[in-house]
Amino acid sequence: MKKINIFTLCCGRSDLYEKSLKSVIKNVVKENKKYNFYFYVNDDSGNVSINNEFTKLLKKYLPDGNFNFFASKKNLGQSLSMINLVKKANVDDNDIVFQIEEEFILDKPINIEKNINLWKKIEKEFDTKIMQIIFRTDAHSNFEMSLEGLKKSKKNILKYLDDKFITCSNKYRNKIDHFGGSIINNDFCCHPHISKGYHYNKLKNKDLIVEKKSTAEDLIGYANLEYAKLWINDKIYSSHIGDYRYYSVFEGAKVRSQTST
């Protein structure tokens with residue numbers, strides 16, 4: 001059976017992660033019986049007691065032990081937390097990764113095989129390379145996900161279809177249907193999505209410079225400028241159940257909020 005790696009970045013909110021984990025087991029693991037799933041979780045709280053809470057949850061809901069838990073010794077922020085997870089998880093470039101943050105819960109089943117096949121079809125049909133399949137969340141309104149809304153937010157639109165659309169880097173301004181020009185076109189969306197180990201593994205570069213005010217979205221995105229993002233827009237697949245940490249007690253989360261789009 002093929003393996004799917006599930007990445008989750010956490011920052012101390014074990015209560016939210018429990019809800020998220022249960023939703024992943026229900027809507028991903030149990031819905032995709034052709035795959036084996038392995039969970040990689042990194043908590044960035046820098047708090048040993050909170051780390052223990054995460055470990056207890058993983059043992060409770062994944063009694064087969066198909067998980068690895070990592071923890072930052074101090075709060076590092078999203079970018080360094082992601083680098084820590086990627087280095088320790090050590091997945092192969094061609095491995096499939098499903099990422100979901102601790103503050104999202106899945107409300108709808110996700111068919112992994114169907115979406116991987118769609119990924120291949122879109123790449124061939126539109127002669128592009130996809131780095132992410134991103135599933136719509138309730139964080140975006142109908143207007144934001146419409147063609148008009150995407151143009152207003154300065155998204156680069158390679159193609160817009162009724163139930164999905166493809167966005168890409170500013171690098172391809174001469175090859176797309178609509179050029180928006182905003183720097184957010186070059187990021188890597190950390191909303192629930194499917195990607196490959198290849199895109200994460202670029203973070204293993206020892207010479208990588210991480211700005212204090214940087215996010216994993218920026219860091220991974222700028223390392224993958226030659227790739228596009230495929231957004232699945234047919235329904236809302238997940239709900240955001242936490243705040244965006246604007247007033248977080250964790251310094252790293254404050255930085256994340258300041259740079260978030």
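Being a predicted model, the structure only gives us computed values, none of them experimental.
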Centroid-centroid under 6.0 Å between [X] and [Y] rings:
| X | Y | answer |
| --- | --- | --- |
| F67 | Y38 | no |
| H193 | F188 | yes |
| H240 | H191 | no |

Using the salt bridge (Lys or Arg N to Asp or Glu O under 4.0 Å) rule, take E31 and K26 through it: C-alpha gap first, then chi angles, then the decisive distance, then the call. CA-CA 7 Å; E31 289 289 331; K26 176 182 177 182; over 6 Å; no
Establish, for the pair [X] and [Y], whether the NZ or CZ atom is under 6.0 angstrom from the six-membered ring centre and no further than 45 degrees off its axis.
| X | Y | answer |
| --- | --- | --- |
| K114 | W119 | no |
| K3 | F37 | no |
| R173 | F179 | yes |

Grab the two heavy atoms, one from [X] and one from [Y], that are nearest each other, plus how far apart they are.
| X | Y | value |
| --- | --- | --- |
| I112 | N32 | N-OD1, 2.7 Å |
| H199 | N224 | ND1-OD1, 2.7 Å |
| I105 | S23 | CA-OG, 3.5 Å |
| V210 | I83 | CG2-CD1, 3.8 Å |
| N201 | D92 | ND2-C, 3.8 Å |

When clusters are formed by joining ILVMFWY residues with side-chain heavy atoms under 4.5 Å apart, either directly or through shared neighbours, do [X] and [Y] land in the same one?
| X | Y | answer |
| --- | --- | --- |
| I122 | F165 | no |
| V24 | V41 | yes |
| W231 | L161 | no |

Neighbour count >12 (heavy atoms, 6.0 Å) for atom [atom1], [X]:
| X | atom1 | result |
| --- | --- | --- |
| D127 | CG | no |
| K88 | NZ | yes |
| D163 | CG | yes |

Walk me through whether S214 and S79 qualify under side-chain hydrogen bond (donor to acceptor under 3.5 Å, both in side chains). CA-CA 6 Å; S214 72; S79 291; 3.0 Å; yes
What's the separation between atom [atom1] in [X] and atom [atom2] in [Y], rounded to the nearest 0.5 Å?
| X | Y | atom1 | atom2 | result |
| --- | --- | --- | --- | --- |
| N185 | I157 | CG | CD1 | 9.0 Å |
| F126 | L158 | CZ | CG | 7.5 Å |
| D138 | S141 | CG | OG | 11.0 Å |
| Y61 | I25 | OH | CD1 | 8.0 Å |
| E101 | S238 | CD | OG | 11.0 Å |
| I116 | I130 | CD1 | CD1 | 13.5 Å |

For E113, which of K34, K33, K2 qualifies under salt bridge (Lys or Arg N to Asp or Glu O under 4.0 Å)? K34
Is it true that [X] and [Y] have a side-chain N and a carboxylate O under 4.0 angstrom from each other?
| X | Y | value |
| --- | --- | --- |
| K202 | E226 | yes |
| K159 | D177 | yes |
| K152 | E144 | no |

Audit row: N52, T55, side-chain hydrogen bond (donor to acceptor under 3.5 Å, both in side chains) steps and yes/no: CA-CA 5 Å; N52 291 336; T55 302; 5.1 Å; no
Residues E211, D218; criterion side chain to side chain contact (heavy atoms under 4.5 Å, CB included); working and verdict: CA-CA 10 Å; E211 301 286 345; D218 301 333; over 6 Å; no
Verdict with supporting geometry, F39 and F7, ring pair (Phe, Tyr, Trp, His ring centres under 6.0 Å): CA-CA 6 Å; F39 292 72; F7 282 7; over 10 Å; no
Could you walk me through whether K204 and N90 satisfy the side-chain hydrogen bond (donor to acceptor under 3.5 Å, both in side chains) test, starting with their C-alpha distance in whole Å, then the side-chain angles of each, then the deciding distance to 0.1 Å, before giving a yes or no? CA-CA 9 Å; K204 293 180 179 180; N90 196 33; 3.0 Å; yes
